[in-house]
Every structure is written in C-alpha cells, then in structure tokens.
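Convention: sequence-line order gives letters A, B, ...; per-chain numbering from 1.
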2 protein chains.
Amino acid sequence: MGKTRSAPTLNDVAKAAGVSTATVSRCLNSPERVVESTRKRVMQAVESLGYTPNFAARVMAANRSFTIGAIIPTMDNAIFARGLQEFQDQLRESGYTLLVSSSAYDPEVEREQIRTLVARGADGLLLIGYARDAEIYNYLEQHQIPSLVAWSYDPRVQRPSVGFSNTAAMGELARKVILTGHRQIAMISGKTKGNDRAQSRVEGVRLAMTENSLDPDTLTLIETTYEIEKGAEALRKLMNLSPRPTVVICGNDVLAAGALREARNLGIQVPEQLSITGFDDIELAEIVSPSLTTVHVPHREMGRKAAQELVEMVEGRSEGRSVCIDTRMVVRHSLAGPPDLP
Amino acid sequence: MGKTRSAPTLNDVAKAAGVSTATVSRCLNSPERVVESTRKRVMQAVESLGYTPNFAARVMAANRSFTIGAIIPTMDNAIFARGLQEFQDQLRESGYTLLVSSSAYDPEVEREQIRTLVARGADGLLLIGYARDAEIYNYLEQHQIPSLVAWSYDPRVQRPSVGFSNTAAMGELARKVILTGHRQIAMISGKTKGNDRAQSRVEGVRLAMTENSLDPDTLTLIETTYEIEKGAEALRKLMNLSPRPTVVICGNDVLAAGALREARNLGIQVPEQLSITGFDDIELAEIVSPSLTTVHVPHREMGRKAAQELVEMVEGRSEGRSVCIDTRMVVRHSLAGPPDLP
DNA sequence: ATTATCAATGTAAGCGCTTACAAGTGTATT
DNA sequence: AATACACTTGTAAGCGCTTACATTGATAAT
C-alpha cells in the first residue's frame with residue numbers, strides 16, 4: 001500500500017476511546033457483543049479519526065477475506081459483463097466483495113490469476129467453463145478454496161457448475177436452421193482449444209446435422225478469436241467458397257455482428273441471400289440490422305444463482321451443487337430460408 | 001481466505017531448503033542477493049511444495065501491494081472496457097495488478113469502493129472524471145494514495161488527469177452538425193449530475209450553438225442513464241415534439257444506438273429524415289446501420305498513458321502530470337442535412 | 001449470605017511475511 | 001600476518017488485526 005504512515009490504526013482508535021483493541025475489533029465485527037455505551041464511544045472515535053480497517057491485517061488475522069474472485073476470459077466484449085454484474089450485486093448482498101480479472105483466453109494467464117487471487121485470500125472462485133489443467137483444480141483443493149464453474153453445464157462432469165448446456169442450446173438453433181431448409185452450412189466458431197463452450201457449440205451443430213441425416217463432416221468450420229473484426233474476416237473467406245454456404249452459424253453474437261457487417265460491405269443481402277445466426281443474445285443482437293436470430297442466455301439469472309451457490313459453498317453449507325439454466329432460441333430477422341439456386 | 005490449514009508457508013519452504021525464512025524471502029524478492037546454489041535449492045523447495053506467498057502477509061510486512069485500483073462507473077457497456085484493458089496490460093508490464101470495481105454511477109458506492117480499495121492496500125487509484133466530494137480527495141491525501149483522473153481533461157483543474165476535453169470534442173461534432181444545416185437540435189445526454197464528462201459534452205453543444213448564433217436555450221435536452229433502452233425511450237419522446245428536431249446528438253454511442261433502433265422501429269429514415277450522432281466510437285458505432293457519425297476517443301492510448309503516469313506517481317518519480325489526448329470526429333452515415341421542410 | 005452464572009472487557013498470542021541488523025566467511029590490501 | 005571489506009546468510013522485531021482465554025463485576029439461584 002501507499003506509505004500509510006499517517007493512517008490511524010485499531011490501536012489509535014482504542015486509545016482515543018479508552019478501551020482495548022479487542023473491544024474496538026468487536027465493535028466493528030460483532031457489535032452486539034459490546035454494550036451500547038461503549039460502542040457509541042468507540043464508533044465516535046472511529047468516525048473522528050477517519051479510521052478504515054487495514055484489510056491485509058484483517059485477512060491475515062481472521063483467515064477470512066469475504067472476497068470472491070472471478071477470472072473471466074475477457075472484458076472486451078459484453079458476453080460476460082451482464083452476468084458478472086449480477087453476480088457482483090448478489091455477492092454484495094451477502095456481504096462479499098468481487099475481484100475480477102481477465103485472462104484473455106490464455107490458460108497460462110488464467111493460472112497465474114488464480115494463484116494471485118488465492119494468494120490475495122479469496123474465499124472462493126468463479127471460473128468460466130470446465131476446461132483447465134487438473135493441476136489447477138488440485139491447487140485449489142490443496143488450498144481448500146471452493147470453486148464454481150459458470151457458463152457451462154454438463155451433467156457428465158463431476159464438478160459444481162451453474163450454467164447451461166452449450167451443446168443443447170446450439171443444437172436447438174442448428175435444428176431450426178436445418179428445418180428452414182439450409183444444407184450448405186458454415187460455422188464461425190471461437191477457438192475450441194481449451195474452451196469447452198466453443199467445443200460444445202460446434203458439437204451441437206454437428207449433432208443436429210447428424211440427426212437430420214446431414215454429414216457433419218460437410219460443416220465448413222472456421223475458428224477464430226471472439227472479435228467483431230475476426231467475424232468479418234471469416235465471413236469474407238466463407239463467401240469465396242464454392243459452393244457458398246447459405247447460412248453462417250456463429251459461435252456468438254460478436255462474431256455474428258462482424259459477419260453481418262461484412263456481408264453488408266460485400267453487398268450480400270441478409271437474410272435473403274445469406275442467413276446468419278448468433279449466440280448469447282447480448283444487446284448487440286437486437287441492435288444490428290437485420291436483428292440476429294440467436295440463443296438467449298439468461299445471464300442475470302446465471303450470475304445470481306452462481307453467487308448464491310458459491311456463497312453457500314464458502315460458508316460450508318453446501319458441498320457444491322450444479323444448476324442448469326434454461327436457454328431459449330430467439331427468432332429475429334437474420335435467418336430465413338436459403339435463396340433459390342440459380 | 002479459505003481455511004488454508006494445509007497451504008505451505010515461507011517457514012515450510014525454509015525448513016525444506018534448510019535455510020532461514022529471510023533467505024527464502026530474498027530468493028523471491030531480490031534473487032540477485034542470494035548465491036546461485038542456495039537459490040536453486042530454495043526454488044526447488046518452492047516448486048515441490050507448491051508454495052504461493054500469502055499476499056496479505058506480504059502487503060502487511062512490506063507496506064506495498066503492487067496493486068492499482070480502478071473504479072469505473074459501469075462494466076455493463078463497452079465504454080470503459082477497451083481503455084481499461086489497455087490500462088491493465090500496461091500495468092502488468094510494470095509489475096502491477098489491477099483491481100477493478102464498478103460504482104453504477106453512484107457516488108456513495110464509489111466512495112465505499114475507494115475505501116475498500118485503499119483498505120486493500122492499493123498503491124494507487126484510477127478514477128473516472130473529476131467530479132466527486134472533496135472529502136474523498138482528502139481521504140486519499142491522508143492515506144497518501146496517489147490518484148489519477150481519466151476520461152476527462154480540463155486545464156483549469158489542478159489535478160493529475162489523462163483524458164480529453166469533452167467540451168472541445170463534442171463542440172467539434174456539434175459545429176459540424178450545425179454547418180450541415182441543422183437548426184432544430186436535440187440532445188440525449190447522460191445524467192449530468194456528478195458527471196463532469198456528461199456536463200462538458202452538453203456544454204460543448206451549447207458553445208457551438210452560441211458560436212453559430214443559435215440560442216443555446218433552444219437546445220432540447222433529455223437526460224437519462226446510459227442504456228440502449230433509455231436512448232430508445234428518449235428518441236420516442238423527441239419524435240413527439242413539435243417542431244421535431246432534425247438531429248439528435250447523443251451523449252455516447254450507446255444512447256445513439258438505442259435512438260437509432262427506435263427510429264427504425266418508428267419507421268423514421270436515418271439520416272434522410274433524422275440525423276443521429278454518437279460519442280466514443282466504440283465498436284457498436286460501426287456495426288449499426290447506418291453507421292454512426294461520432295467522436296473517436298483513443299481509448300487504448302488513454303489507458304496506456306494513464307498506466308504509465310500512475311506508476312510513475314506511485315513510485316515517486318512524478319508528482320502527477322496531466323496528459324491531454326486528442327479526439328477526432330468520425331464522419332459516417334448517420335448524419336446528413338436536415339430534410340426539406342414540407 | 002454464598003455460590004454459580006453470565007455479560008462485558010482486557011490480555012496477549014499469533015497470522016505469514018519483510019527487513020534492519022548482526023554474524024560469519026572468504027578475499028583483497030597493506 | 002593483520003586488517004578491511006564485500007558478500008552471504010541468520011536472527012528477530014514488527015506490520016495491524018482477530019480471538020482464545022482470563023478477569024472482573026453484577027445478577028440470579030440456592
């Protein structure tokens with residue numbers, strides 16, 4: 001910290017109020033254990049000195065920080081913003097503070113951030129998706145830090161999580177796409193390596209194809225990072241293919257927005273000449289035109305439930321349950337039947 | 001923290017390596033002060049025990065945290081995301097960690113967050129905009145925590161800041177709007193109370209009007225929170241006015257995107273029947289159609305320079321300089337001349 | 001009146017780390 | 001050979017707080 005030479009300490013308050021440090025500490029942490037008259041005097045001293053407890057000292061002494069850490073892949077787009085905001089609000093209600101850091105989708109960075117957060121005394125951790133080194137989970141185990149996975153839910157994985165089935169959600173959308181008549185299907189996915197959500201979404205599309213007697217190997221797949229620009233780039237590539245896909249399923253709304261923009265730049269009519277779909281239903285999805293057919297993920301609900309569950313775990317009231325959140329397809333204007341072949 | 005019963009401590013490492021805790025500490029913090037052979041042995045012990053230093057203890061003992069705090073008004077939209085990302089990256093390069101929290105534009109919450117961050121041992125703080133209680137600045141002074149204001153720059157204010165002149169930036173845009181022929185001007189602004197950036201932007205429009213012999217009192221102003229939905233709402237209200245404004249200047253791109261959407265819903269052609277402008281030039285601005293005429297703010301540059309300056313301050317190499325970042329108008333498709341009167 | 005009980009407060013032992021200072025060793029200088 | 005010095009490592013005193021345990025005084029129970 002800054003050289004806190006002049007900041008008042010517990011001791012200063014104790015002296016000013018004419019009590020012991022223990023009493024001051026009690027006033028702050030369990031006021032009901034101090035008689036009113038004393039408490040008043042102490043609080044006044046706190047007030048007039050402008051005392052703020054030193055967090056590091058408190059954490060060290062109490063071995064408890066009332067802090068929850070979250071590592072998200074990125075803050076750069078809105079995907080995690082909404083859910084995290086709700087997560088934070090709910091946490092605050094339970095008396096916890098949220099510490100966020102972002103890993104830029106880099107497992108190494110994530111590992112480092114996890115260690116940092118643990119070293120900082122986080123009582124519990126929110127992680128995005130299942131996929132990470134066993135070593136990391138071991139580390140958390142060893143330090144006895146409860147962790148909860150969010151944004152993914154897979155009944156086969158034995159690990160507390162609050163999320164949704166990316167496979168099922170994308171599957172539903174893909175089925176709709178196929179039913180609408182599309183056969184030349186392309187997908188712009190996020191990088192699947194180390195990202196189970198991206199993997200599952202691709203998986204969902206493949207499954208839907210198989211179910212409908214389409215060869216999943218005919219799916220044209222481009223993997224890229226989740227940036228608007230990259231979505232645009234990928235679309236450009238896809239439009240050079242022959243035969244051209246009649247629909248582009250995007251791994252999320254950000255990629256879809258990029259694809260949409262590029263289609264406009266190329267003079268391709270959406271959805272008349274080309275259909276495009278998204279995933280997440282962030283605000284962007286409704287803003288772009290045509291508005292995106294996508295999958296709605298109840299981010300707020302997820303954030304709230306994750307906070308509740310994680311607090312339960314931290315306070316020893318739960319061993320870690322999993323919660324599956326329902327998604328639903330949102331049909332808007334970017335999806336239509338394939339154009340008539342010339 | 002979680003009950004760290006089993007986590008190894010410095011002491012454990014020291015024993016395992018057969019040295020004193022001081023030596024281990026030195027290996028970790030100033031390795032050059034320990035002879036190679038010893039260092040190797042220690043590092044091996046660190047490795048094999050899976051030791052991570054306890055942050056709270058370190059902060060307490062060293063009175064230094066290598067942590068910078070930032071309180072931003074919201075994470076809910078992209079306004080701050082980009083600049084902050086760069087701020088963080090730059091900070092990391094200098095060996096600092098960023099702690100972010102968001103205040104939801106609430107001064108009370110902000111005050112609390114600042115106290116929390118200080119109590120947590122932040123070495124320095126990044127604050128958005130100048131406007132806040134003197135009491136807060138005093139508090140920081142007392143605790144000797146350097147703070148830097150970002151997203152605002154005003155040569156008249158005697159306080160280190162890295163930002164841009166909101167007045168000048170918006171003024172340039174407004175001048176362009178007026179030159180394009182508009183006389184019926186409306187503005188959808190963020191809440192100006194306690195938000196100097198919003199205030200300055202309104203100010204910028206008024207100034208431009210005055211300069212062009214328009215009465216600034218004829219500016220129709222709606223203040224609202226920075227949400228897409230609110231932008232839409234505001235536009236609806238404006239379109240019920242008579243005479244209808246021919247241009248709607250929005251306080252930022254988010255509001256503009258909402259306004260744009262609503263115009264589309266109302267069947268109003270932009271820019272043929274109505275012009276709309278934004279501010280910030282976030283990705284959204286280029287995605288919507290028509291794409292937004294707006295003011296480009298070099299967020300990355302701002303984030304980077306802010307990090308550099310704040311680190312200098314924290315390390316006592318600077319008393320706090322101010323940096324003015326240049327913005328520039330970006331002309332796209334949402335602004336055109338006013339429609340011919342019927 | 002005596003003892004058990006309880007509520008309010010004080011005493012002091014750490015929590016895990018850094019660092020000033022002390023101690024020990026080996027090398028250069030005279 | 002004696003002295004100085006640099007370098008490496010150890011010793012131990014905190015950093016500001018919480019909390020188990022001890023103490024005190026008052027009230028209730030006998």
Side-chain angles (χ1 to χ4, degrees), chain A residues 1-42 45-46 49-67 118-121 123 143-144, chain B residues 1-42 45-46 49-67 118-121 123 143-144:
Chain A
M1 67 172 94
K3 322 87 226 169
T4 313
R5 205 176 331 120
S6 57
T9 73
L10 238 212
N11 214 335
D12 298 332
V13 176
K15 270 190 211 142
V19 296
S20 74
T21 60
T23 301
V24 179
S25 176
R26 284 186 200 109
C27 279
L28 266 27
N29 300 308
S30 37
E32 73 285 358
R33 297 194 43 204
V34 175
V35 92
E36 161 124 22
S37 57
T38 316
R39 199 188 326 148
K40 228 171 189 167
R41 200 150 29 98
V42 171
V46 166
L49 291 176
Y51 169 74
T52 324
N54 178 310
F55 186 77
R58 180 182 282 203
V59 168
M60 217 172 125
N63 204 31
R64 202 67 209 304
S65 71
F66 286 98
T67 295
V118 169
R120 264 168 203 284
D123 290 333
H143 283 257
Q144 314 230 44
Chain B
M1 69 170 94
K3 322 86 224 170
T4 312
R5 204 174 334 117
S6 56
T9 71
L10 238 213
N11 213 337
D12 298 332
V13 177
K15 270 189 209 141
V19 297
S20 74
T21 60
T23 301
V24 179
S25 175
R26 286 193 277 257
C27 279
L28 267 25
N29 301 308
S30 37
E32 76 284 358
R33 297 197 40 202
V34 174
V35 92
E36 163 124 21
S37 58
T38 316
R39 201 188 326 150
K40 228 172 189 165
R41 200 149 30 94
V42 171
V46 165
L49 291 175
Y51 169 75
T52 325
N54 179 310
F55 185 76
R58 180 184 286 209
V59 168
M60 218 171 122
N63 203 30
R64 201 70 209 302
S65 71
F66 285 98
T67 294
V118 170
R120 264 168 203 286
D123 290 333
H143 284 257
Q144 314 228 46

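In this structure, B/Lys40 places its NZ atom 16 Å from P of D/dT8, rounding to the nearest Å. Distance, A/Met60 CE to D/dT18 C1': 11 Å, rounded to whole Å. In this structure, the CG atom of B/Asn63 is 16 Å from the C1' atom of C/dG16, given to the nearest Å. As a whole-Å value, the separation of B/Arg58 CZ from D/dG16 C1' is 18 Å. Across the protein-nucleic acid pair, A/Arg120 atom CZ and C/dC17 atom P stand 15 Å apart, rounded to whole Å. Nucleotide D/dG16 holds its P atom 16 Å from the CZ atom of A/Phe55, rounded to whole Å. Taking atom CG on A/Leu28 and atom C1' on D/dC17, their separation rounds to 11 Å, with Å as the unit. D/dT9 atom P lies 11 Å from atom CD of B/Glu36, rounded to whole Å.
Between atom CZ of residue B/Arg120 and atom CZ of residue A/Arg58 there is a gap of 10.5 Å, rounded to the nearest 0.5 Å. Atoms CG and OG1, from B/Leu49 and B/Thr9 in turn, are 9.0 Å apart once rounded to the nearest 0.5 Å.
Contact annotation for A/Tyr51: backbone-only contact, meaning every heavy-atom pair under 4.0 Å involves sugar-phosphate atoms and none involves a base.
For the pair B/Tyr51 and B/Leu10, the tightest heavy-atom approach, listed with the atom from each and the gap, is CE1-N, 3.5 Å. Heavy-atom minimum distance, B/Asp12 versus B/Ala7: OD2-O, 4.2 Å. Minimum heavy-atom separation, A/Ala119 to B/Pro53: CB-O, 3.3 Å.
Put simply, A/Ser25 has no side-chain N or O that comes within less than 4.0 Å of OP1 or OP2 on D/dC17. Residue A/Asn29 has a polar side-chain atom (N or O) positioned under 4.0 Å from OP1 or OP2 of D/dT18.
Remark: B/Glu36 engages B/Arg39, B/Lys40 in a side-chain contact (heavy atoms from CB on, under 4.5 Å) (not counting sequence neighbours). With sequence neighbours left out, A/Ala61 forms a side-chain contact (heavy atoms from CB on, under 4.5 Å) with no residue at all. With sequence neighbours left out, the side-chain hydrogen bond (donor to acceptor under 3.5 Å, both in side chains) criterion links B/Thr52 to A/Arg115, A/Tyr139.
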Only pairs under 3.5 Å count here: list side-chain donor-acceptor contacts from residues 17-29 of chain A, not counting sequence neighbours, and write none if there are none.
residue: A/Ser20; atom: OG; partner: A/Ala22; partner atom: N; Å: 3.4
residue: A/Ser20; atom: OG; partner: A/Thr23; partner atom: N; Å: 3.4
residue: A/Ser20; atom: OG; partner: A/Thr23; partner atom: OG1; Å: 3.4
residue: A/Ser25; atom: OG; partner: A/Asn29; partner atom: ND2; Å: 3.3
residue: A/Asn29; atom: ND2; partner: A/Ser25; partner atom: O; Å: 3.0

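Rounded to 10°, the angle separating the first-five-pair axis and the last-five-pair axis of the helix from C/dA1-D/dT30 to C/dT30-D/dA1 equals 40°.
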Distances for protein N/O vs nucleotides 6-10 of chain C N/O pairs under 3.5 angstrom?
residue: C/dT9; atom: OP1; partner: A/Thr38; partner atom: OG1; Å: 2.2
residue: C/dT9; atom: OP2; partner: A/Val35; partner atom: N; Å: 3.0
residue: C/dG10; atom: OP2; partner: A/Ser20; partner atom: N; Å: 2.9
residue: C/dG10; atom: OP2; partner: A/Ser20; partner atom: OG; Å: 3.1
residue: C/dG10; atom: OP2; partner: A/Thr23; partner atom: OG1; Å: 2.6
residue: C/dG10; atom: O6; partner: A/Arg26; partner atom: NH2; Å: 2.6

